[in-house]
Amino acid sequence: MDLLYNLTMESNIKVSLNKEQKEAVEYVSGPVLILAGPGSGKTRVITHRIAHLINQCGVRPYNIAAVTFTNKAASEMRQRLFGSDELGDSLGLLGHVPNQRDFTVSTFHSLCSLILRLDGSLMGLAKDFVIYDRDDQLTLVTKAMEISEIDPKRFSNRAILDIISSSKSKLITSDNYNAQTGNPMDRIIEVVYKSYQNLLEQSKGVDFDDLLLKTNLLFNNNPSILKKYQDRYQYLMIDEFQDTNMAQYNLATKIAGKRENICVVGDPDQSIYSWRNADIRNILSFQEDYPKCKVISLNENYRSTSTILDGAYGVISQNTQRIERKLTTSNPKGDPIFVGEAYNPEEEAQLVMKEINRLRVERGYLYNDFAVMYRVNSQSRALEEGCLRNSIPYKLIGGLRFYQRKEVRDLIAYLRVIVNPHDNVSLLRIINTPPRGIGQKTIDEIAELSDKNKISIYAAMELAANAKFVEDSKRSGRSHRVISKFVDLVTNLIHDSDGLDPTSIINLILEMTGYRVYLEDQGDQGTERMDNIEELKVTANKFQNVDPEDRFIEFLQGIALVSDIDSLDDSQDSIALITLHQAKGLEFPAVFIVGLEEGLLPHIRSFDYADQMEEERRVFYVGMTRAKECLYITRSFRRGYMGNGVSNVASRFLMDIPSALMSHFSSRSIPIGSVVTDVIKQSGASDLSDHATETSPMEVGQKVRHDRFGDGIVVSCTAIGYDYQVTVAFKADGGVRNLLLGYANLQLLD
DNA sequence: GGGCTATTGCTTTTT
DNA sequence: GCAATAGCCC
């Protein structure tokens with residue numbers, strides 16, 4: 001009866017796939033490694049493969065699992081296969097398939113969360129565990145350092161958390177962490193790791209890495225549970241395989257088990273998450289662990305013009321730790337890669353905005369067709385202001401991350417406390433927000449009480465609220481009153497929220513805790529914060545239809561596991577401002593990559609390590625290959641950094657793009673605010689180095705005067721783009737500054 | 001205990 | 001340059 005699925009698309013599949021793609025789709029039994037370059041139709045292959053499994057091979061959707069990098073990718077895949085859930089009328093690749101909801105598409109983290117909810121009790125995990133994100137983790141590490149009396153000035157909590165996190169992703173538990181090397185740092189980590197894990201367990205919390213680690217341990221210790229999932233997920237597919245870590249790899253191979261129906265899809269050249277413990281060697285391990293695995297390379301690019309592809313190849317081919325591979329395309333040559341220079345980030349943004357407006361008019365692009373990409377989030381600010389100045393609608397992903405905003409986190413903390421009042425991290429967050437007279441002194445006393453009796457903060461407060469207890473303590477009547485009031489508040493919240501849907505619970509919190517009034521007293525800022533909470537309610541609303549028993553927990557889990565990119569929404573026409581990392585897996589007709597400067601891209605922190613430098617190059621490569629038709633690359637001469645402006649030189653990566661593919665344009669002629677129609681100078685073959693040979697307008701040794709810096713002497717002068725960078729040593733403060741000739745307004749002295 | 005000011009310390013990328 | 005904290009004063 002499983003064979004009665006819709007077969008109508010099958011003929012289309014054969015027409016629209018190339019030879020390698022078709023092979024990747026039809027090779028369904030046994031291990032497969034698909035090396036898929038950018039734009040090679042990877043998503044199509046995965047979706048067609050699933051369709052093939054269901055339609056041709058009679059596999060039930062229930063027995064298939066696809067693991068993606070983000071929730072967004074997961075929901076897109078589901079939609080491509082089955083059409084939109086809400087609309088019902090738009091059919092996907094498969095048309096109408098019974099039991100399509102049984103098909104699993106999710107991220108590793110979501111999948112593990114599900115498994116642990118169902119079977120985690122075998123490892124003593126509460127069903128309603130909370131998932132702690134990086135901010136919560138940092139709070140806990142800081143607390144653990146306090147307990148272990150580690151000086152936070154000497155050891156950074158972030159560095160320690162990074163090591164704990166990387167240990168967890170290598171499946172090293174706090175019990176197994178051995179400081180055997182004799183390195184004093186190791187000893188500290190060992191102590192903090194254990195303490196951190198204790199704190200987590202006390203709060204019934206699980207961090208991101210625990211989701212993967214604990215699921216692995218669950219499978220190790222309970223073969224019957226593992227078998228249950230092996231029998232369920234008989235066909236396993238893993239996307240973005242180059243960015244999986246060891247814990248994820250182990251999970252995948254365990255679930256695949258002896259059936260070995262595991263298909264991984266990845267591209268070593270797009271591995272950009274090593275800092276999150278992703279291990280590119282997983283691709284090698286896969287071939288070692290499955291010596292009979294079928295390797296299929298998808299090398300034809302259907303996305304980009306040949307110019308963009310060749311430019312990107314020029315960049316990526318400079319990496320030495322790389323298996324040589326060159327993509328081909330039959331796409332037209334298209335436009336050159338435009339390289340632009342601006343004086344400062346504001347002007348750089350202006351340059352981008354002007355071009356966006358020009359392309360809209362001349363080519364009929366929509367705002368949705370544009371993305372502006374950058375290395376670090378702080379760059380988004382100038383771009384955002386540029387959009388506002390030019391009335392260009394934009395969506396900013398993760399600048400100040402939504403779920404990191406104070407008011408959103410406060411509300412989530414309340415929600416978590418309702419589910420689990422013994423969640424210390426969340427409780428301490430809201431204990432005095434809005435202010436209710438519980439000061440640090442009172443909190444310290446309660447913390448002491450909780451330590452002494454080995455109970456949670458909330459339990460300690462209940463104890464302290466007990467009238468009999470207060471007689472034996474030196475606690476003031478006032479402090480006793482506020483504690484009692486708070487315990488009552490939490491009790492009432494738990495009681496009154498029972499059975500309500502998530503949105504109503506949020507409303508309940510806003511009223512009962514006085515949070516709404518607290519925000520209203522904050523004027524404009526309060527209004528903005530209230531808007532963010534409304535936004536949270538919109539998310540909460542989506543869980544209205546889920547089984548009442550689970551919807552609250554699912555909602556909390558959902559917000560813990562969302563990524564920012566998940567919220568990227570195409571329904572309103574606006575340009576996307578995103579980091580290069582977030583751009584992975586996306587494509588746009590026109591892409592702007594800004595900030596191509598030494599120290600930014602490549603980032604300064606990669607300078608001392610060859611492998612990190614190569615990863616920076618891959619980051620740039622990923623950005624370039626997002627572009628279908630137009631690719632713009634810009635840089636700024638000056639950039640504010642820690643308060644003072646610094647001069648940046650052009651990124652080394654610019655030199656790797658063959659000069660014949662580039663065309664320069666400059667900001668020189670477009671002061672901010674002016675309306676300029678055409679700033680593109682079609683200069684044909686020229687690159688940065690070409691200009692260096694031109695005659696310099698400034699002699700070395702020339703004495704000059706600057707409005708602000710006073711008198712100085714020219715140290716060097718190099719042509720860059722359509723301007724010259726002059727390095728001047730100034731007398732007054734001895735500073736050596738890089739100036740742009742066209743802007744510096746230097747006065748010649750004799 | 002709370003609110004204000006001064007100081008510090010920090011900047012990569014994020015499931 | 002900004003945001004988070006420490007320390008001071010009410």
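Every chain is numbered from 1 and lettered A, B, ... according to where its sequence line falls, protein lines coming before strand lines.
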Is A:D209 touching bases, backbone alone, or none of the nucleic acid, heavy atoms closer than 4.0 Å?
nothing
For A:S271, check side-chain hydrogen bond (donor to acceptor under 3.5 Å, both in side chains) against everything at least two apart and list the hits.
none
Would you indicate which nucleotide in B:dT15, B:dG2, B:dT11 comes nearest to any side-chain atom of A:R276?
B:dT15
C:dG1 P sits how many Å from A:R639 CZ, rounded?
15 Å
Quick check: on DNA chain B, is the nucleotide nearest A:V619 upstream (toward 5') of the one nearest A:S156, or the reverse? Name the residue that is more 5'.
A:S156
What is the distance, to the nearest angstrom, from the CG atom on A:N277 to the P atom on B:dT13?
17 Å
Does B:dT14 have its OP1 or OP2 closer than 4.0 Å to a side-chain nitrogen or oxygen of A:N377?
yes
Give a yes/no on whether any side-chain N or O of A:R158 is located under 4.0 angstrom from OP1 or OP2 of B:dT11.
yes
Proximity to the side chain of A:W275 - top-ranked nucleotide from B:dG2, B:dT13, B:dT15
B:dT13
Which residues pass the side-chain hydrogen bond (donor to acceptor under 3.5 Å, both in side chains) test with A:D488, not counting sequence neighbours?
none
Please report, rounded to the nearest Å, how far the C1' atom of B:dT15 is from the CD atom of A:Q242.
14 Å
Got more than 12 heavy atoms from elsewhere within 6.0 Å of CZ, A:R281?
no
Which nucleotide, B:dG2, B:dT14, B:dT15, lies nearest any side-chain atom of A:H581?
B:dT14
Specify the residue among A:Q137 and A:R605 whose closest nucleotide of DNA chain B lies further upstream toward the 5′ end.
A:R605
Could you check A:R639, A:R635, A:R652 and say which one makes a salt bridge (Lys or Arg N to Asp or Glu O under 4.0 Å) with A:E597?
A:R639
Whole angstrom value for the distance that separates C1' of B:dT13 from CD1 of A:I604:
16 Å
Separation of the P atoms in B:dT11 and C:dA6, to the nearest angstrom
16 Å
Parallel, tilted or perpendicular: which fits the ring planes of A:F592 and A:Y632, with parallel below 30° and perpendicular above 60°?
parallel
Would you please confirm or rule out a distance under 4.0 Å between OP1 or OP2 of B:dT13 and any side-chain N or O of A:Q582?
no
Nearest-Å distance for atom pair CZ/P, residues A:R409 and C:dA4:
12 Å
Strictly below 4.0 Å: does A:T579 bring a side-chain N or O up to OP1 or OP2 of B:dT14?
yes
With the side chain defined as heavy atoms from C-beta on, A:T442 is closest, among B:dG2, B:dG1, B:dT15, to B:dG1
Between C:dA4 and B:dT13, how far apart are the C1' atoms? Round to whole Å, please.
22 Å
Would you say A:N245 reaches B:dT15's phosphate, i.e. side-chain N/O to OP1/OP2 under 4.0 Å?
no
Base, sugar-phosphate, or nothing: which does A:F69 touch, judged by heavy atoms less than 4.0 Å apart?
sugar-phosphate
